[in-house]
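Below is one structure, written out as structure tokens, with a few remarks after it.
Chain A is the first sequence line, chain B the second, and so forth, proteins listed ahead of strands; every chain is numbered from 1.
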Amino acid sequence: MDAHYRPEIIEPEAQQHWEEKQIFRAVEDPAKPKYYCLSMFPYPSGKLHMGHVRNYTIGDVLARYHRMKGFNVLQPMGWDAFGLPAENAAIANDVAPAGWTYANIDYMRGQLKRLGLAIDWSRELATCKPDYYRWEQWLFTRLFEKGLIYKKMATVNWDPVDCTVLANEQVIDGRGWRSGALVEKRDIPMYFMRITAYAEELLSELDHLPGWPERVKTMQRNWIGKSFGVEIHFPLSPSPAGARGEGGEGEAEPVLKVFTTRADTLFGVTYVAIAAEHPLAQQAADGNPELTAFINECKQGSVAEADLATMEKKGMDTGLKVYHPFTNEAVPVFVANYVLMGYGEGAVMAVPAHDERDFAFAKKYGLPIKPVIKPEDGDLAQPLAEAYVEHGVLFDSGDFSGRTSAEAIEAMALVLKNLKLGGKRTTFRLRDWGISRQRYWGCPIPIVHCPTCGDVPVPDDQLPVVLPEDVKIDVGSPIKKMPSFYQCACPKCGGPAERETDTMDTFVESSWYYARYACPDNASAMLDERANHWLPVDQYIGGIEHAILHLLYARFFHKLMRDVGLVKSNEPFANLLTQGMVIADTYFREAGDGKKQWINPADVEIRDGVAVLKADAQPVRVGGTEKMSKSKNNGVDPQALIDQYGADTARLFMMFAAPPEQSLEWSDAGVEGANRFLRRLWKAVHEHVEAGISEAYSGGDLPTTAKDFRRQLHQTIAKVTDDIERRKQFNTAIAAIMELMNALAKLEASDAASRAVKQEALEAVVLMLSPIVPHICRTLIKALKPGARMVGSPWPAADEAALARDEIEFMLQVNGKLRGKLRVPADAAREAIEAAALASPELQKFMEGKPAKKVVVVPGRLVNVVV
RNA sequence: GCCCGGAUGGUGAAAUCGGUAGACACAAGGGACUUAAAAUCCCUCGGCCUUUGGCCAUGCGGGUUCGAUUCCCGCUCCGGGCACCA
């Protein structure tokens, strides 16, 4: 074998071999347990970044490990190919989004192959291809017919200068990113998926996902936000004395509905707040120019929840009154900018004494603050300095005074129900999923608008509705100006009609791709029996940033597909590994018009503590440290690293840098060390092979040094196995192997038995490293064992007998402080250990002759004496 | 603002179920080899002190415990998500 490690030779050789022999092609095989290992597919933004390398190496390690453990492994790859950046790039570079996307896919596929991933490339898919999205359109028509997709008005960000809808990302400080115009809220019709119909199941099934991280399940639970509360109706006109609730059936009087989880505070209501778009607000604004102006002001700004939550809370009295359902007192109605139409009832009851936000609002507008809840064991100091938001005991609440919050909620709900003014209700924070996008580069929504038949889904035999790819992009979607696309005949009546020109949210494509990988070649059905063979995904790996939206939508889609008979399982992903983000510094310069131009960290260097652009040596401004992304241009391309050191070094370095779940601030400090380790490994195998290979040790007497080393070897095998399989923490597995190699280098014995142990160790090390650094290991295993193949070799097993030890070292503590150590026979009894510890000079010294009050013996670990 | 995480030497990190804080690396310093450099190998490497020993130390302030990086309470700062970035 070559005396030098040459990744530039062995890596292409290995990759060519894997590709030619189709080593990683997955074929359904009922004889073997299956293992479907899936990493989240990339958006083809142009180049890979370090986050991709991390994600796909983690997946590859797990896929290759399970292959060695005897599983039939499927690891596919594809492209989340529709999306906004393609349109932006198209405008910037005057190219079509399709061409830009396909070119990026070709380049990035080459980069992925250069990483040596054990992927079945025959299953590759791209979501922008009609043979993929036609099935999404097909399912859309099924769901539309089932009533699971419906149309309603929804609020979007509107750029009044460019006359386009903006993504939240494109609204910067309330202005359109390109035009700089103040963004407005505008209501437009959109299609919605009824995810709320599955809210209960999406919530309860989380309890049956033991393979998911607790934090992700917590985030999803909070997002779904099931809450038990009370719906309360505030009548719009006062009740004639005693008449409330005695109206006949069907004579529902006009009311303002609110929902609250704190019905116990009902007697503390001093106003109600409604959204600017609420019909009552519109009604009150008629002939009230001041209120009209305020309502218009509320319509400014973005629709993003983060913006709404942080903006200044403003309101205005409408002059309207509603009437308290119990006391019949008049309650003023305010329009408030923090209340959203389309979320709940678009109205909330306000109790300043017991809600922080209402308290601040009441102070600002001089509204009364009326406390009605006090702590069980005391009184409130009045006037209140801040809202008292805890549960407690009611007072000044009519017949309900003296009851606890919990009792009062039950009792009030019952009374409200009898009055036909509300009652108990369970609500979800989760809202239906608006899937319409007014963009070009997405999957066309398969609906035809007919003046006589209404919204007609496109029939199966007319699918797919193909998105034209040869287009020119400027402001707005080109298919909206393309009669050849939208003019059509109504599928029902044959009359002239127009095609829907909105496309679908790209989250729709990524909600079912994992299933399509099972049968990407099926031209006559969305999924077939192969989907049930492979699903659910055994291990899903992707960034923590997808903890809520993507993962919730994919779970929802799985249930939709189950309920139309496409899959049998309830959940798509049995085990989830949420990779921490690779983050990097962001740098920018402000152009004359105040817009930020983001500069890649690779083009920046720090001189005398100042960040400057390498090209002109002039300073740049430092932004935050954020996840690598195209929009902030802080993605670090792994290509230079791979070109210089090879794929194995890049993979090893990434896995050694930090545990997978932890976020990682990018730095290439330490790459040298990873490469150095691989060179040392190569050298160690080379020297051993030059001295003559032997059979691996399989029994017989060993010198003490070899026996001790062999114990460490098998401890390492046990640890590495546990680290990869259970803990999914690769940095400690690598560290353990490094320690073993350091010990091997110090093992000087050259007798036959010791050499057999060295052979055993090197074979085991090479096999244990092969999921992480497959190229070098493929060459090394061939050198160690002529005729051996890396792919197909079994994972090393720890030899229990080798793990046995004669003595154990105990830590000795006095009052919890380490004072000494003690070696005792491994089979020593507790009493003997305690006696030996108390007799030791170290403990004697620190006990200073005082008697032991207590002796704690932790088996196999330590003795702590309390004096 | 709300929800979810994180913080340990100069740096990345380790300590897996409450039991030796800093494994394994990087950087730095010293040395060997070399005409020289690179590469390689060896040594030192949390802070302080009265240095064969001791004290302090895991973002900050409290608490529980024989014992806390680990559990609880209250903060600070950083990262992610907030429904049209993906």
Side-chain angles (χ1 to χ4, degrees), chain A residues 40 42-43 45 80 83-85 156-157 165-171 195 213-216 218-223 225 302-311 313 338 356-357 430-439 505-507 510 543-550 552-553 578 580-581 583 624-627 629-632 653 656-659 661-665 667 669-674 676-677 679-680 683 719 722-723 726-727 729 731-732 734-739 742 809-818 821 853-856 858 860-867:
Chain A
M40 289 181 187
Y43 177 80
S45 57
D80 188 13
L84 197 54
V156 296
N157 302 309
V165 174
L166 297 177
N168 284 334
E169 187 191 49
Q170 297 173 314
V171 180
I195 191 172
E214 212 47 59
R215 63 166 154 158
V216 174
T218 304
M219 282 191 260
Q220 293 213 349
R221 281 190 195 103
N222 291 343
W223 185 262
S302 94
V303 298
E305 194 193 300
D307 293 336
L308 293 169
T310 48
M311 72 187 175
K313 308 292 180 290
Y338 62 86
E356 283 171 25
R357 189 175 62 181
L430 182 68
R431 314 198 292 262
D432 276 338
W433 176 13
I435 55 164
S436 293
R437 296 291 178 270
Q438 298 67 45
R439 308 195 193 293
D505 182 359
T506 56
F507 271 124
S510 55
I544 183 68
E545 69 270 29
H546 296 293
I548 296 175
L549 292 181
H550 162 62
L552 191 65
Y553 291 145
T578 44
M581 262 149 312
I583 56 181
T625 308
E626 299 181 49
K627 74 166 170 168
S629 74
K630 186 154 186 75
S631 61
K632 296 284 169 70
F653 172 61
F656 186 58
E661 303 227 295
Q662 196 162 310
S663 65
L664 174 64
E665 201 167 323
S667 154
V671 176
E672 283 284 352
R676 198 174 298 153
F677 174 72
R679 290 202 307 265
R680 278 213 311 272
K683 201 173 132 199
K719 177 174 172 52
D722 186 51
D723 276 352
R726 182 181 63 85
R727 298 215 301 156
Q729 189 168 303
N731 55 332
T732 48
I734 294 164
I737 293 172
M738 286 176 168
E739 274 184 89
N742 290 343
E809 192 174 42
F810 274 70
M811 298 303 126
L812 302 181
Q813 295 183 339
V814 177
N815 291 336
K817 283 197 174 171
L818 183 69
K821 293 174 187 179
K853 275 193 217 156
K854 186 175 178 182
V855 181
V856 182
V858 182
R861 290 235 176 231
L862 63 74
V863 180
N864 185 21
V865 180
V866 187
V867 295

Can you check whether [X] has a side-chain N or O nearer than 4.0 Å to OP1 or OP2 of [N]?
{"X": "A:R221", "N": "B:rC4", "result": "no"}
{"X": "A:N168", "N": "B:rC85", "result": "no"}
{"X": "A:Q662", "N": "B:rA13", "result": "yes"}
{"X": "A:K854", "N": "B:rC66", "result": "yes"}
{"X": "A:S631", "N": "B:rC85", "result": "no"}

Give [X] one of three labels, base, sugar-phosphate or nothing, depending on what nucleic acid heavy atoms sit under 4.0 Å from its own.
{"X": "A:V156", "value": "base"}
{"X": "A:L84", "value": "sugar-phosphate"}
{"X": "A:S45", "value": "nothing"}
{"X": "A:M581", "value": "sugar-phosphate"}
{"X": "A:I737", "value": "nothing"}

Gap in Å between the two [atom1] atoms, one belonging to [N] and one to [M], rounded:
{"N": "B:rG80", "M": "B:rC73", "atom1": "C1'", "answer": "25 Å"}
{"N": "B:rC49", "M": "B:rC43", "atom1": "C1'", "answer": "25 Å"}
{"N": "B:rU50", "M": "B:rG63", "atom1": "C1'", "answer": "35 Å"}
{"N": "B:rG61", "M": "B:rC56", "atom1": "P", "answer": "15 Å"}
{"N": "B:rU69", "M": "B:rU58", "atom1": "P", "answer": "7 Å"}
{"N": "B:rA68", "M": "B:rA57", "atom1": "C1'", "answer": "14 Å"}
{"N": "B:rU16", "M": "B:rA23", "atom1": "C1'", "answer": "14 Å"}
{"N": "B:rG10", "M": "B:rC3", "atom1": "C1'", "answer": "36 Å"}

Among [options], find the nucleotide with the atom closest to the side chain of [X].
{"X": "A:A306", "options": "B:rC4, B:rC82, B:rC85", "answer": "B:rC82"}
{"X": "A:N731", "options": "B:rA14, B:rA86, B:rU16", "answer": "B:rA14"}
{"X": "A:Q729", "options": "B:rA83, B:rG80, B:rA14", "answer": "B:rA14"}
{"X": "A:R215", "options": "B:rC85, B:rC4, B:rA86", "answer": "B:rC4"}
{"X": "A:F507", "options": "B:rC82, B:rA86, B:rG80", "answer": "B:rA86"}

(request) Determine whether any donor atom in the side chain of A:R726 lies under 3.5 Å from an acceptor atom in the base of B:rU16, or the reverse, and answer yes or no. (result) yes
(message) I'd like to know if A:N864 reaches the base of B:rC66 with its side chain, counting only an N/O donor and acceptor under 3.5 Å.
(response) yes
(message) Dot-bracket, 5' to 3', for RNA chain B please: Watson-Crick or G-U pairs under 3.5 Å, [ ] where pairs cross earlier ones, | where the partner sits on another strand, dots elsewhere.
(response) (((((((..(((......[....))).(((((.......))))).((((...))))..(((((..]....))))))))))))....
(request) Starting at the 5' end of nucleotides 52-59 of chain B, put B wherever the base has a protein heavy atom under 4.0 Å, S where only the sugar-phosphate does, and a dash everywhere else. (result) -SSSS---
(message) Treating primed atoms plus P, OP1 and OP2 as sugar-phosphate and everything else as base, which nucleotides of nucleotides 25-34 of chain B get B, S or - for protein heavy atoms under 4.0 Å?
(response) SSS-------
(message) Distance alone, cut at 3.5 Å: any donor-acceptor contact between the side chains of A:S510 and A:D80?
(response) no
